[in-house]
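Read the structure below first, then the notes.
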There are 2 protein chains.
Amino acid sequence: MEQAPPRPYHHGDLRRALIETALTLLAEEQGWQFTLREVARRVGVSHAAPYKHFPDKGALLAALAVQGFEQLGRELRAAGEPPSRSVLAAFRAAASAYMQFGLRNPALYRLMFSAEAGDAASVHASERVLQTLGVLVDLLARGQQAGVFRRRPVQAQVAACWAQMHGLTLLAIEGLLLPQKVGAKPLEAALATLLEGLQAPPP
Amino acid sequence: MEQAPPRPYHHGDLRRALIETALTLLAEEQGWQFTLREVARRVGVSHAAPYKHFPDKGALLAALAVQGFEQLGRELRAAGEPPSRSVLAAFRAAASAYMQFGLRNPALYRLMFSAEAGDAASVHASERVLQTLGVLVDLLARGQQAGVFRRRPVQAQVAACWAQMHGLTLLAIEGLLLPQKVGAKPLEAALATLLEGLQAPPP
DNA sequence: ACCTGAACACCGTTCAAGT
DNA sequence: ACCTGAACACCGTTCAAGT
């Protein structure tokens with residue numbers, strides 16, 4: 001007798017199916033308030049099955065957050081690793097990619113930084129983020145050497161940039177940066193203010 | 001017969017008691033995941049009683065958020081309304097007060113900007129915030145006239161400042177701005193970067 | 001090894017009924 | 001007017017038992 005292909009019960013990889021369905025629900029429900037039972041239902045599996053792959057709901061959420069950081073890291077590198085552009089252009093591109101990731105995946109972005117979602121999510125956030133922001137660190141260092149950025153401790157500069165992008169992204173997600181209230185192009189304008197703080201004054 | 005004093009059932013103002021107990025729980029649980037039933041239990045009332053004062057849990061959370069915005073507004077005004085200081089000093093004080101409010105009330109601060117907590121919370125956030133940030137608008141306008149700030153659209157500047165403070169506050173709350181990772185005094189350093197972007201260069 | 005079904009201790013919310 | 005008690009339809013999580 002031939003061995004049946006090792007497709008365990010349903011589709012061979014429940015873990016991945018759970019993560020993908022959870023990502024869908026995260027986007028649909030605009031948050032991590034979706035239920036584990038609903039995830040199981042959609043995947044077509046009993047509500048107890050997920051517990052064979054994740055110790056609890058928080059662990060599943062943490063897995064989503066990790067995916068988010070990896071994706072964001074990829075997009076930042078794609079935007080910031082310069083194919084012969086100026087440091088400034090690369091920096092702008094990276095900052096823009098960061099904010100657009102947040103706007104395209106609002107619920108995921110919030111989850112990535114949400115201590116409320118069971119802590120697990122943000123436990124490793126710290127390390128993941130600093131990896132993710134490596135592109136910015138490089139650009140700031142190069143920009144300082146090229147004389148386009150003020151000479152300041154890079155760690156402090158990257159913290160300021162990160163905070164600015166994080167704040168803008170979240171405010172934009174919540175719809176609090178509406179053009180009527182805050183000027184025509186809030187994201188661009190805020191980025192310009194940030195750059196004025198980073199750029200070295202002409203000698 | 002004397003009328004008994006109109007203390008309805010328990011302490012005369014269940015609504016306020018619910019809000020105050022909920023604020024305590026919000027701080028204790030580090031988030032709005034506390035249960036309405038637990039609030040009722042602590043107040044000493046049946047779990048159905050809150051529904052006579054709030055249509056649902058989201059409405060109670062919204063009331064907490066409103067309280068938060070009012071408190072933040074008061075603290076900003078106290079810090080920023082200048083008893084004869086320089087615009088720059090007043091601005092620093094206001095920014096610092098903003099971030100310290102967030103660090104002192106992390107769960108409340110998150111709730112105030114949390115669309116997940118039933119939307120109701122952030123529905124009015126937008127208007128409340130712009131009121132709250134009025135102090136900054138004034139300071140930026142005065143600073144521009146005094147020549148200490150770059151002449152830029154004030155709405156764009158205030159958006160940039162707000163985003164910076166919001167981002168710093170949230171990152172600090174999540175513990176992602178640890179000095180080891182990001183330099184000695186991340187908040188001060190980021191504020192300095194912000195100010196370099198706002199301040200007019202010497203002529 | 002991987003999944004199911006029943007069960008436990010909870011929720012948020014509703015509603016008739018009490019004082 | 002303000003609150004209670006029982007009830008409904010859910011959760012997250014556990015665990016013996018199935019294949």
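Protein chains get the first letters and strands the later ones, always in sequence-line order, with residue 1 at the start of each. No hydrogens, no waters, no symmetry mates; every other heavy atom, side chains included, goes into these values.
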When both distances are under 3.5 Å in a Watson-Crick or G-U wobble arrangement, the nucleotide paired with dA1(D) is dT19(C)
His53(A) side-chain N/O to dC2(C) phosphate OP1/OP2 under 4.0 Å | no
Report yes or no: do Gln71(B) and Glu75(B) form a side-chain donor-acceptor pair below 3.5 Å?
-> yes
Under 4.0 Å between a side-chain N/O of His47(A) and OP1 or OP2 of dC3(C), yes or no?
-> no
Quick one: which of dG12(D), dC11(C), dT4(D) gets closest to the side chain of Arg37(B)?
-> dC11(C)
So does Arg42(B) pair up with Glu28(B), basic N to acidic O under 4.0 Å?
-> yes
Trace of the side-chain contact (heavy atoms from CB on, under 4.5 Å) decision for Phe113(A) with Leu170(B) = CA-CA 9 Å; Phe113(A) 294 96; Leu170(B) 286 174; over 6 Å; no
Sidechain N-carboxylate O distance under 4.0 Å for Arg15(B), Glu20(B) | no
Rounding to a whole Å, what distance do you find between Tyr51(A):OH and dA7(C):P?
-> 18 Å
Checking dC3(D), dC3(C), dG12(D) against the side chain of Lys52(A) (C-beta onward), the nearest is dC3(C)
Rounded to whole angstrom units, what separation is found between the CD atom of Glu38(A) and the P atom of dC11(C)?
-> 22 Å
Would you say a side-chain N or O of Arg41(B) is under 4.0 Å from OP1 or OP2 of dC11(C)?
-> yes
Taken to the nearest whole Å, CZ/Arg15(B) to P/dA1(D) is 18 Å
Round to a whole Å and report the spacing from CG of Asp13(A) to C1' of dC3(C).
-> 15 Å
What residue among Leu72(B), Asn105(B), Thr132(B) forms side-chain contact (heavy atoms from CB on, under 4.5 Å) with Met112(B)?
-> Leu72(B)
In whole angstrom, what separates Leu36(B)'s CG from dT4(D)'s P?
-> 13 Å
Nearest to the side chain of Ser46(A) - dT4(D), dC11(C), dT4(C)?
-> dT4(C)
dC11(D) - base-pair partner by Watson-Crick or wobble geometry, distances under 3.5 Å | none
Relative to the 5' end of DNA chain C, which residue comes earlier, Ala48(A) or Lys57(B), by the nucleotide with the nearest heavy atom?
-> Ala48(A)
Specify the separation, in whole Å, of atom CZ of Phe54(B) and atom C1' of dC3(D).
-> 16 Å
Listed nucleotide nearest any side-chain atom of Asp56(B), set dT13(C), dC3(D), dT13(D) | dT13(C)
Using whole Å, report how far CD of Gln33(B) lies from P of dG12(C).
-> 10 Å
